Amino acid sequence: MKFNIKNNMNDKNLQFTAAVKKYGTPAYLYQGEEIIKNYESLTNALPKCVDVFYALKVNPNISLVKLLRSHGACTEVCSITEMEIALKAGSTPQDIVYLGPCKKDYELKRAVELDIFAIVIESEIELSRVSKFAQELDKTVNVAIRLNPDFSADGSPWKMGGRPTQFGIDEKHAIENFGKYLKVPNVNIRGIHVYNGTSILDAKSVYENTKYILNIFDIITKKYNTNFTMVDVGGGMGIPYFQNQTVLDIKEFEELMVPLFEDFNSKYPNTRIIMESGRFILGTAGYMAVEVNNIKVNHEKTFIVTDGGTNCHSAAAGSGRVVKRNFPMENISANEDSPINEYQVSGPLCSPDDIIGRNIKLKEVNVSDILIIKSSGAYGPSSSPGLFHSHGFPAEILLYKGESHLIRRKDTSEDIINMQILVDLNIQEPILN
Ligand SMILES: Cc1ncc(COP(=O)(O)O)c(C=O)c1O
């Protein structure tokens, strides 16, 4: 590996360059201090009565979960593997909630055995299934009922509720039928869960959403005279990716959320209030580093071919995003005074869609330069099609207290081939003349 290093680089870029020199590209780089700063800016803006649960779906790397856990974060998991990661990273079962629309029997059984804080029930069928497993194990299982409310969160490009989705039970139906749920054997219903949307940048929208959920809690509590011990209001706090977006105003968030939660807490002091968050905590603290392998002009556009594209950063490529725009990107190998040019940044795939920057302005790029795609800590590593062209998943590196730590090694050809099974189909060798 031969990377271009310029002597005018700032500390962060020097650290990035040294790390990729050591571990190779493509790679995800995480700034540990930034992760903690983001996490604490959220917890500091919430009253003590609220617990923040880190959503592993955003980035399940065990070292990152451990770092967050060591600063007090609880965990929200959506598969048995995420649950085992959370436990291995130091979470206690009582600080885990488990949700998701498809929980397999063996996953549910494990969650019942472990006595996690709550299995979040997504349907009536799932409620019966959990009850059956609890009876078999002669236990009482703690659950929360996930509702799909009649209200949808403003300002969220991905709405999980307030419209037909595979998540939760319709608000009206659940309110009508809660009496039946409360009678299901071997099940203790702790309360309710709602996750209505993600990537919200408007504090008022998170507030309105939360207020609505706390009100549903109130309605059910009064109607059925329950003593709920949990309300999970989701979250959806976003980060800006594009030029015309502004950061979530954390001061405004605090001013709105603190009185709302404190008022709720004074009425329901025994109810644990949960907010879930992932993108806000990890997003801006993660960077993807790719190396420039080739530069060419094609039909009058200049293409930079890099060793990491949509196969390892689907989020930057726009997959799953409503608007396809460029993630912020920088050529960290360029000189301070390099001219700015316009480029198309592609990855290594034989697919015209493998573009992670369109008509993007970068300081002059040369072969072997390192490009950094910013705000990549959320979903890039966890939701990309890493096996396309059998390139495998990139390395992940944690930069913390001035040191770099490899926290996931890059997949090798052997890793990928070893997962495949070559069966003996008793095929005759072709006869070559
Ligand atoms: C139920 C649930 N919890 C947590 C999250 C993480 O949300 P975010 O990316 O907004 O931090 C999501 C994201 O879709 C979710 O569906």
Side-chain angles (χ1 to χ4, degrees), residues 35 38-39 41-43 45-46 50-60 64-65 68 73-79 82-83 86 95-103 116-123 126 143-149 152-163 165-169 191-203 205-206 209-210 213 230-241 245 247-248 250 253 273-286 314-316 319-322 375-384:
I35 295 176
N38 293 342
Y39 172 71
S41 82
L42 186 58
T43 51
L46 291 166
V50 178
D51 283 341
V52 172
F53 278 56
Y54 171 65
L56 266 76
K57 61 175 76 57
V58 163
N59 191 320
L64 304 183
V65 181
L68 282 163
C74 305
T75 45
E76 178 260 310
V77 301
C78 287
S79 69
E82 286 189 352
M83 200 181 310
D95 282 338
I96 296 177
V97 294
Y98 172 33
L99 49 105
C102 173
K103 305 184 191 80
I116 62 169
F117 187 69
I119 299 176
V120 177
I121 298 293
E122 304 258 1
S123 69
E126 193 172 75
V143 306
I145 304 291
R146 180 170 185 173
L147 306 182
N148 182 350
S152 80
D154 262 0
S156 168
W158 296 280
K159 296 192 195 309
M160 276 86 173
R163 66 182 183 91
T165 65
Q166 63 273 50
F167 309 117
I169 303 174
I192 61 166
H193 169 284
V194 177
Y195 202 90
N196 234 3
T198 178
S199 260
I200 304 170
L201 291 169
D202 177 18
S205 166
V206 182
N209 188 44
T210 308
I213 299 162
M230 158 184 173
V231 63
D232 185 333
V233 298
M237 290 71 72
I239 55 166
Y241 290 106
Q245 292 181 318
V247 290
L248 178 82
I250 202 74
F253 177 87
I273 307 170
I274 294 175
M275 281 202 99
E276 297 174 18
S277 178
R279 191 190 304 274
F280 184 87
I281 298 169
L282 245 293
T284 53
S314 67
S319 108
R321 267 200 290 127
V322 177
S375 295
S376 295
Y379 298 104
S382 61
S383 74
S384 299

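This structure is a prediction, so every number in the text was calculated from the model and none was measured. In each ligand, atom 1 is the first atom listed, and ligand 1 is the first ligand listed.
Heavy atoms only, all atoms of each residue included: Gly235 and Val206 are closest at O-CG1, 4.2 Å. Minimum interatomic distance between Phe253 and Ala45 (heavy atoms only, all atoms of both residues): CD2-CB, 3.8 Å. Taking every heavy atom of both residues into account, Asn59 and Val65 meet most closely at O-CG2, 4.4 Å.
In terms of polar-atom proximity, defined here as any N/O pair under 3.5 Å, Thr198 does make such a contact with ligand 1. Backbone and side-chain nitrogen or oxygen atoms of Gly278 are examined, and one is located within less than 3.5 angstrom of a nitrogen or oxygen of ligand 1. Considering backbone and side-chain atoms alike, Glu76 places an N or O below 3.5 Å from some N or O of ligand 1. Inclusion of His193 in the set of residues having an N or O under 3.5 Å from an N or O of ligand 1 is not warranted.
In summary, the atoms of ligand 1 found under 4.0 Å from a heavy atom of Ser277, numbered by their order in the structure, are 11 (O). Residue-ligand proximity, Glu276 to ligand 1, at heavy-atom distances under 4.0 Å covers atoms 1 (C), 2 (C), 3 (N), 4 (C). Proximity to Leu99 (heavy-atom distance under 4.0 Å) selects the following atoms of ligand 1: 1 (C).
The closest approach between Gly235 and ligand 1 stays at or above 4.0 Å for every heavy atom of the residue. Within the 4.0 Å heavy-atom cutoff, Tyr379 counts among the residues contacting ligand 1.
Under the side-chain contact (heavy atoms from CB on, under 4.5 Å) rule, Met237 has a single partner from Leu42, Asn38, Ile200, which is Leu42.
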